[in-house]
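Each remark here refers to the structure printed beneath this line.
Numbers here simply count residues along the sequence, with the first being 1. Values below: every heavy atom of this structure, side chains too, minus hydrogens, waters and symmetry copies.
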Amino acid sequence: MIRYPNALDEIETAVSAEAKGWLKKAQTRTSLFAKLGRYTNEIEATTGKKKKLSDFWGDVKPLDMRRQYNKCVYCETRLEGGAAGNIQWDLEHFRPKSAVSRWPTAKSTLLYDFDMGGSAATDYYLLAYHLHNYAAACKTCNSPYKSDHFPIGGERIFGLAHPDDYVGEKALLVYPLGNGDDDPEDLITFTGERAEPKYTKEQDLHKWRRGRVMNDFFDLNRDGLQAQRAAWLLAVWSNRLLADKGEPFALKSLERLRSPRIPYSNCTKCFLDMCSANRPNAERLIPILEEIVRISEDG
Ligand SMILES: [Zn+2]
């Protein structure tokens with residue numbers, strides 16, 4: 001997970017240029033929610049019949065996909081971009097548009113010694129059509145992991161118009177678009193393919209909590225993701241070895257591997273840093289990565 005620092009400015013400009021009328025429609029729909037005090041996708045006509053209101057946040061999904069370099073905002077897996085890839089993505093509401101359900105769920109075995117804010121019957125209705133409440137996510141991260149959960153360390157806030165108004169909630173998830181939240185790379189780090197909180201609780205309690213919750217919430221060490229990161233890091237390692245021999249192509253690729261555009265870029269940068277700072281540790285990881293890939297390929 002990484003930050004996309006200029007994404008929000010770029011998305012706003014792109015929405016004005018490419019999704020003409022969207023901002024006006026969003027304003028009208030938000031005014032309706034403000035009047036009702038909740039999100040809805042149907043209204044009652046004067047005849048008493050229910051009339052369906054089409055949701056249209058999906059219209060701006062391609063813009064988020066592009067600004068995130070076609071990577072899931074949470075797991076950094078690259079999906080197909082463009083019109084053909086659209087179906088692989090969800091437009092994620094960072095703060096849920098529907099009622100908030102408790103996390104960890106009743107079935108979960110995760111235990112914490114700090115509060116997660118519980119469930120809430122009210123939804124974040126004024127943010128349902130706010131561009132700063134959106135991100136593009138893979139379907140696995142968005143559902144079932146994200147779903148309608150939103151753990152917080154402070155008091156739940158509702159009915160305010162801008163995501164910045166909710167800072168008092170002390171969200172335990174991080175919003176990676178723009179510069180308004182912590183940098184995810186300052187919360188989550190990697191040892192090889194494995195994600196872990198960057199800080200210990202003694203170093204920085206709040207950042208440790210956020211790193212730990214992000215890791216657990218999206219199960220960032222789930223088998224499939226670990227296997228994909230392991231395979232990717234083995235390719236990175238091959239490139240690193242060729243670069244050591246001065247191969248021009250590999251040296252050029254090494255620069256590209258530090259770009260935010262590549263898949264698993266937080267994980268990749270951590271691994272490349274380890275290759276530079278402590279080569280024996282990096283070498284010790286290689287058989288582990290190979291074993292993870294072997295197990296995943298054996299099914
Ligand atoms: Zn994902």
Side-chain angles (χ1 to χ4, degrees), residues 1-5 68 72-77 92-96 99-120 122-124 127 132-135 137-138 140-158 160 162-222 225-226 229 264-267 269-270 273:
M1 196 172 176
I2 58 166
R3 173 187 269 171
Y4 301 90
Q68 296 166 207
C72 169
V73 73
Y74 296 122
C75 71
E76 279 206 86
T77 299
E92 136 82 346
H93 285 78
F94 182 63
R95 283 183 166 80
V100 180
S101 61
R102 172 187 146 185
W103 188 88
T105 62
K107 287 181 183 168
S108 173
T109 54
L110 293 167
L111 290 172
Y112 298 90
D113 60 0
F114 51 93
D115 192 36
M116 296 286 173
S119 59
T122 316
D123 51 77
Y124 294 96
L127 303 181
H132 294 203
N133 193 43
Y134 293 162
C138 74
T140 308
C141 284
N142 190 44
S143 173
Y145 286 103
K146 178 67 163 38
S147 187
D148 53 2
H149 307 299
F150 196 71
I152 54 170
E155 292 294 316
R156 195 77 70 183
I157 298 170
F158 293 106
L160 299 181
H162 194 285
D164 291 350
D165 300 332
Y166 291 77
V167 70
E169 285 192 322
K170 296 194 168 87
L172 289 162
L173 305 182
V174 64
Y175 184 65
L177 273 63
N179 294 312
D181 205 342
D182 284 333
D183 184 340
E185 288 179 80
D186 196 36
L187 300 174
I188 295 167
T189 189
F190 288 83
T191 299
E193 87 300 341
R194 192 163 182 80
E196 50 202 36
K198 182 162 184 175
Y199 293 91
T200 63
K201 63 199 298 189
E202 291 75 24
Q203 287 170 326
D204 189 315
L205 184 62
H206 187 58
K207 285 187 176 178
W208 168 74
R209 283 179 175 170
R210 293 194 94 186
R212 186 178 162 200
V213 168
M214 286 295 296
N215 213 354
D216 292 346
F217 187 92
F218 290 106
D219 197 4
L220 292 179
N221 292 315
R222 56 192 194 247
L225 259 184
Q226 280 206 52
R229 289 196 297 256
Y264 313 120
S265 64
N266 184 354
C267 175
K269 277 189 273 180
C270 291
D273 288 345

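Here Ile157 contributes atom CD1 and Tyr124 contributes atom OH; the two are 8.0 Å apart, rounded to the nearest 0.5 Å. With rounding to the nearest 0.5 Å, the separation of CZ in Phe218 from SG in Cys72 is 7.5 Å. Atoms OG and CD, on Ser147 and Glu92 in that order, are 10.0 Å from each other to the nearest 0.5 Å. Here the CG atom belonging to Leu110 is positioned 5.0 Å from the CG atom belonging to Asp216, to the nearest 0.5 angstrom. In this structure, Tyr264 OH and Cys75 SG are separated by 6.0 Å, a value rounded to the nearest 0.5 Å. Distance check, rounded to the nearest 0.5 Å: CD of Glu196 to CG of Asn221 gives 8.0 Å.
Looking at Arg210 and Asp181, a side-chain N of the basic residue comes within less than 4.0 Å of a carboxylate O on the acidic one, giving a salt bridge.
In this structure, Glu76 contributes its side chain and Met1 its backbone to a donor-acceptor pair below 3.5 Å. Judged by distance alone, with hydrogens and angles left aside, the side-chain atoms of Arg212 form no donor-acceptor pair with the main-chain N or O of Lys201 at under 3.5 Å. In this structure a side-chain-to-backbone donor-acceptor pair under 3.5 Å is missing from Glu193 to Arg229. A side-chain donor-acceptor contact under 3.5 Å links Asn266 to the backbone of Ile188. The main-chain N or O of Gln203 is found under 3.5 Å from a side-chain atom of Thr200 such that the two form a donor-acceptor pair. At distances below 3.5 Å, not a single donor-acceptor pair connects side-chain atoms of Asp204 with backbone N or O atoms of Tyr199. Checking side-chain atoms of Asp165 against main-chain N and O of His162 turns up a donor-acceptor pair under 3.5 Å.
Between Lys198 and Lys207 the shortest side-chain heavy-atom distance does not fall below 4.5 Å. The closest side-chain heavy-atom distance from Arg3 to Val174 is not below 4.5 Å. Between Thr122 and Arg156 the shortest side-chain heavy-atom distance does not fall below 4.5 Å. Proximity of Arg209 to Tyr112: side-chain heavy atoms (C-beta onward) are nowhere separated by under 4.5 Å. The side-chain heavy atoms of Thr77 and Leu225, taken from C-beta on, include a pair separated by under 4.5 Å. The shortest side-chain heavy-atom distance between Leu173 and His149 does not fall under the 4.5 Å cut-off. No side-chain heavy atom of Tyr166 sits under 4.5 Å from any side-chain heavy atom of Phe158.
Between Phe94 and Tyr175, the two ring planes are tilted [angle within 30° to 60°]. Ring geometry, His93 versus Tyr134: the interplanar angle exceeds 60°, so the pair is classed perpendicular (tilted spans 30 to 60°).
Contact record, Leu220 with Ala195: CB-CB, 4.0 Å, taken as the closest heavy-atom pair.
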